[in-house]
Amino acid sequence: MASARPELADRYYLDNFELLIASTRRYHPLFPAEQAQQLAQFQTLSEAAQRLLVRLLGRKGAWFRQSKLRYNDINDMAPALAELSEQQLLVSGVPPRDIWLQQVTLPELKQLPVINDAGLQRLPKAALIQTLLASDADCDSDGWLLQANQQLDERWWQLQCQGLLQLLQLLYFGNRNQDLTQFVVSELGLQRFEQYRLDASTQSFQQTDELQTALNLAQLADEWDELLRQKLPLDPVDFYQRLPKPQVQPQLERRRQRLVAHLGRSAERLNLWEFAVACYQQCQAWTANERYCRVLQQQLKLTPTAVIAEQLVQGLNQLWFSASNEAAQQVAHRLAKRSLPLLAPLCAEPTLTALARPLVAANHLAGQQQSLQLNADFIAAAPRVEQRTATYFEAQGYQVFFCENALLNGLFGLALWDIIFAPVAGAFHHPYQRAPQDMYSASFYEQRADAIEQRLTAILAGETAIIWRHFTEKQGLQNDWVNWSLLTEPLLTAALAAFSPQFIYDVIRRLLKDPKHYRSGQPDLALFSSEGACRFIEVKGPGDSLSDHQGYWLQFLGRYYPAELYFVDYV
DNA sequence: GTTGGGATTG
DNA sequence: GAATGTGTGTCTCAATCCCAACTT
DNA sequence: TGACACACATTCAA
Ligand SMILES: [Mn+2]
Ligand SMILES: [Mn+2]
């Protein structure tokens, strides 16, 4: 099955970087001055210097210790360093204290007289760093660091062109989470992608300041994530000042709003209600609208005014109106219900559309709930309650799959494979996509409505050959909907034998209605009896409770097959 | 000495 | 008990290297 | 590097 790994060229990383450059050629004239200059400088470098620079860019952080630079594939380090230094793509200096302390190893630290003399030899590294950072804060920290570095006898280098790499990656991949390693993983055959036709015509950005903004937003998001990760005090109001103004370019505006929503969330934790409201007001995401209403509700509790009450009524009605699935409706409904007593004294008669009619609660599962006690044998069989329950049902003679979302999502992905990867305008910008650009927006259906309807008609007529053909022909190819390691042949065989055409049709329709939402919350286990009949089981161990989207999936599935909520505990 | 997490590499 | 908010682990691409905890 | 599901804590409204 597994074929031998292809060998990569000796300079594969440089080739990949040059591919990144070549593929973003049409944007080069738009580059901001700094990145344009650095790109030009890169092109004039010797191969050794280019190699070293790309090696360093591929690593984490901007600071490197010269003594730790060892590359067999780069002839001589010294001239390459001198060249990069000459072009100011890499500069020498002493890093900030935290980075310095992080990169100097513990044995090295303990040997330094400045530390040895302070009597800190026995501490673990994290505590040592804490102590040094704290004690340096007030006294002469620069002097201390310089002295320590002199004792260490080390030279440090700092990358000056990480922004260039970020910009190239941003333009090539169109997102912040794919990078140079994607090329390697693909060339080695570890990830294989559908051979869709790329759309060369659509250009995401037209102006230099759009590129600058894209880069700024990416760096600000990085910075915010980093602050969050380090768990140090946040100032969302101050951070907001650094964000760009609302953007015309839709992609940029989406990213800006995502960051603004994060700031709003952090403002809530600091009880900065007005600022949180101001943040959420700028965001279009449904969840931002939800936060908006929650904050208004909170404000109404603290300082009841007619203005806030009116805003909340508007917000709640909008929230209800834009709820695109039952779980969202449930959220809007609950929020409205809890707001009503707060609104009553301030509004003549608040008309909350979310309360106009009763909702079916997610946990309304009449006749779909069971209890199960498992004994020590099953506890020993596996660590997770789902696996233990699977073992139990296997002992009952079922064929059991712990596949959660992989089964129904997989059916969706296989049934619509060719449509998902059809060359719609603007859908595919590079060869490493698991889905078209608009997979999770309304335009996915709209742009492909004819093909989808035609396929649905065929599915309803009992067509399963297309699913099998895609399963075989596309085996192993990346698809956001298909998890190949969970959607195995035995599972698909059992499922397609058990499922009615109407069921498959309705599942796909449901997923199409709100693909982002309905792709999660599907039951833990799929069971198939020896006669081939299927059952769905959502397992709930002690201390876990049903979430809304899980409950609504059980309600939906229960109209076709047994779909049960199993409360499992141990005797 | 071993192990385990993170960084690096292909 | 329902409804919220928040933290954690698991997927990870796989083999290797480095370093910092540990004696499992 | 998120998305997802679970685990756990806290706060509510009857
Ligand atoms: Mn589950
Ligand atoms: Mn479960």
Side-chain angles (χ1 to χ4, degrees), chain A residues 2 5-16 54-61 64-65 68-73 102-110 123-129 173 175-192 221-222 225-226 228-229 231 258 262 265-266 268-269 290-291 294 297-298 301 330-331 333-335 337-342 361-363 383-386 402 404-406 409 434 440 476 478 480 483-486 516-524 538-551 553 568:
Chain A
R5 293 256 167 89
E7 289 261 314
L8 295 186
D10 163 64
R11 41 167 281 161
Y12 74 93
Y13 49 92
L14 185 50
D15 292 337
N16 292 340
V54 174
R55 281 293 201 188
L56 296 183
L57 280 169
R59 292 170 57 170
K60 172 158 275 194
F64 303 93
R65 297 175 59 174
K68 302 255 169 182
L69 299 180
R70 293 265 180 280
Y71 287 110
N72 298 329
D73 47 340
Q102 206 60 57
Q103 292 204 26
V104 179
T105 68
L106 194 52
E108 286 172 326
L109 284 173
K110 288 179 174 170
L123 290 175
K125 186 168 185 184
L128 181 59
I129 291 179
F173 293 110
N175 62 57
R176 201 159 61 86
N177 44 23
Q178 282 176 295
D179 56 35
L180 278 169
T181 66
Q182 183 65 76
F183 297 119
V184 178
V185 172
S186 170
E187 278 172 56
L188 289 175
L190 295 164
Q191 282 181 347
R192 292 162 51 235
D222 282 341
D225 289 347
E226 186 60 18
L228 231 49
R229 205 185 56 76
K231 297 180 173 178
R258 204 155 55 165
H262 282 307
R265 204 69 186 74
S266 115
E268 282 189 67
R269 298 189 181 101
E290 181 203 338
R291 297 312 315 172
R294 287 189 190 281
Q297 194 193 48
Q298 178 68 24
K301 264 188 228 168
Q330 181 70 253
V331 167
H333 185 85
R334 279 198 283 251
L335 248 171
K337 206 156 85 178
R338 289 176 75 154
S339 299
L340 199 53
L342 300 168
N363 59 10
R384 296 196 54 175
V385 65
E386 296 91 344
F402 176 20
E404 292 186 326
N405 307 315
N409 287 351
R434 300 161 50 93
Y440 300 103
Q478 297 290 314
D480 225 12
N483 182 332
W484 292 106
S485 58
L486 290 175
K516 186 83 216 146
H517 174 76
Y518 288 117
R519 73 201 308 285
S520 66
Q522 299 159 25
D524 295 316
E538 171 56 42
V539 177
K540 285 298 162 198
D544 186 13
S545 59
L546 189 74
S547 49
D548 288 344
H549 65 323
Q550 293 175 329
W553 263 113
V568 179

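Note that the structure is predicted; figures quoted are calculated from it, not measured. Protein chains get the first letters and strands the later ones, always in sequence-line order, with residue 1 at the start of each.
- Rounded to the nearest Å, the gap between the C1' atom of C/dT10 and that of B/dT8 is 23 Å.
- The structure places CD of A/Glu108 at 4.0 Å from CZ of A/Arg65, a figure rounded to the nearest 0.5 Å.
- To the nearest angstrom, P of C/dA3 lies 7 Å from CD of A/Gln330.
- Once rounded to the nearest 0.5 Å, the distance linking CG of A/Leu109 with CD1 of A/Ile129 reads 7.0 Å.
- Salt-bridge formation is detected for the pair A/Arg176/A/Asp225: a Lys NZ or Arg NE/NH1/NH2 atom is positioned less than 4.0 Å from an Asp or Glu carboxylate oxygen.
- Here A/Tyr13 does not reach the OP1 or OP2 of B/dT8: none of its side-chain N or O atoms lies under 4.0 Å away.
- Dashed line: the shortest gap from a side-chain N or O of A/Arg294 to OP1 or OP2 of C/dT4 is under 4.0 Å.
- Within 4.0 Å (heavy atoms only), A/Arg229 reaches no atom of the nucleic acid at all.
- Residue contacts for A/Glu404: at a heavy-atom cut-off of 4.0 Å it reaches the sugar-phosphate backbone alone, with no base atom in range.
- Heavy atoms of A/Gln550 sit under 4.0 angstrom from primed sugar atoms or phosphate atoms, though from no base atom.
- In this structure, CD of A/Glu290 is placed 13 Å from P of C/dA3, rounded to the nearest angstrom.
- Distances shorter than 4.0 Å separate none of the side-chain N or O atoms of A/Arg384 from OP1 or OP2 on C/dG9.
- Straight-line distance between the P atoms of D/dA13 and C/dG5: roughly 13 Å, to the nearest whole Å.
- Considering only the side chain of A/Thr105, C/dC19 comes nearest among C/dC13, C/dA21, C/dC19.
- Backbone-only engagement by A/Arg265 is indicated by non-hydrogen atom pairs under 4.0 Å involving sugar-phosphate atoms exclusively.
- Using cut-offs of 30° and 60° for the angle between ring planes, the A/Trp553 and A/Tyr518 rings count as perpendicular.
- The nearest heavy atom of DNA chain D to A/Lys301 and to A/Asp222 marks one nucleotide each, and the one closer to the 5' end goes with A/Asp222.
- Closest to the side chain of A/Ser485, from the set B/dG10, C/dT12, C/dG5, is C/dT12.
- Scanning DNA chain D 5' to 3' for nucleotides with an atom closer than 4.0 angstrom to a non-hydrogen atom of chain A gives a first and last hit of D/dT1 to D/dA13.
- Spacing between atom CD of A/Gln178 and atom C1' of C/dT12 amounts to 14 Å, rounded to whole angstrom units.
- Other residues, nucleotides and ligands place no more than 12 heavy atoms under 6.0 Å from the CD atom of A/Glu7.
- In this structure, the CG atom of A/Asp544 is 16 Å from the P atom of C/dG9, given to the nearest Å.
- Distance CG (A/Asp10) to C1' (B/dT9): 13 Å, rounded to an integer number of Å.
- If you take CD on A/Glu268 and CZ on A/Arg265, they are separated by 4.5 Å, rounding to the nearest 0.5 Å.
- Distance check on atom C1': C/dG9 versus B/dG4 gives 16 Å, rounded to whole Å.
- Using a 4.0 Å heavy-atom criterion, one finds that A/Lys68 contacts the sugar-phosphate atoms exclusively.
- Counting non-hydrogen atoms under 4.0 angstrom, A/Phe183 reaches nothing in the nucleic acid.
- Among the heavy atoms of the strands lying under 4.0 Å from A/Gly521 are primed sugar atoms or P, OP1, OP2 only; no base atom is included.
- Comparing B/dT9, B/dA7, C/dC13 by their nearest atom to the side chain of A/Leu190 picks out C/dC13.
- Atom-to-atom, NZ of A/Lys60 to P of C/dC19 comes out at 17 Å; the value is rounded to the nearest Å.
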Chi angles and distances behind the salt bridge (Lys or Arg N to Asp or Glu O under 4.0 Å) call for A/Asp524, A/Arg384: CA-CA 12 Å; A/Asp524 295 316; A/Arg384 296 196 54 175; over 6 Å; no

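- Looking at heavy-atom distances under 4.0 Å, A/Arg55 makes contact with sugar-phosphate atoms alone, never a base.
- At a threshold of 4.0 angstrom between heavy atoms, the contacts of A/Lys231 with the nucleic acid are absent.
- In this structure, A/Asn405 and A/Asn483 have side chains that are not in contact, with every pair of non-hydrogen atoms separated by 4.5 Å or more.
- Toward the 5′ end of DNA chain D lies the nearest nucleotide of A/Asn405, the other residue of the pair A/Arg338 and A/Asn405 mapping further downstream.
- Taking the C1' atom of each, C/dA3 and D/dA14 are spaced 13 Å apart, rounded to whole Å.
- Atom C1' of C/dT8 sits at a distance of 22 Å from the matching atom of B/dA7, rounded to the whole Å.
- Atom CG of A/Leu123 is separated from atom P of C/dC22 by 13 Å (rounded to the nearest Å).
- For the residue pair A/Leu546 and A/Gly551, the shortest heavy atom distance occurs at CD2-CA, 3.7 Å.
- If you measure from atom CD of A/Glu386 to atom P of C/dC11, you get 12 Å, rounded to the nearest angstrom.
- Here CD of A/Gln550 is found 8.0 Å from CD of A/Glu404. Values are rounded to the nearest 0.5 Å.
- When the side-chain nitrogen and oxygen atoms of A/Arg59 are compared with OP1 and OP2 of B/dT8, one or more of them lie within a distance under 4.0 Å.
- At a threshold of 4.0 angstrom between heavy atoms, the contacts of A/Arg70 with the nucleic acid are absent.
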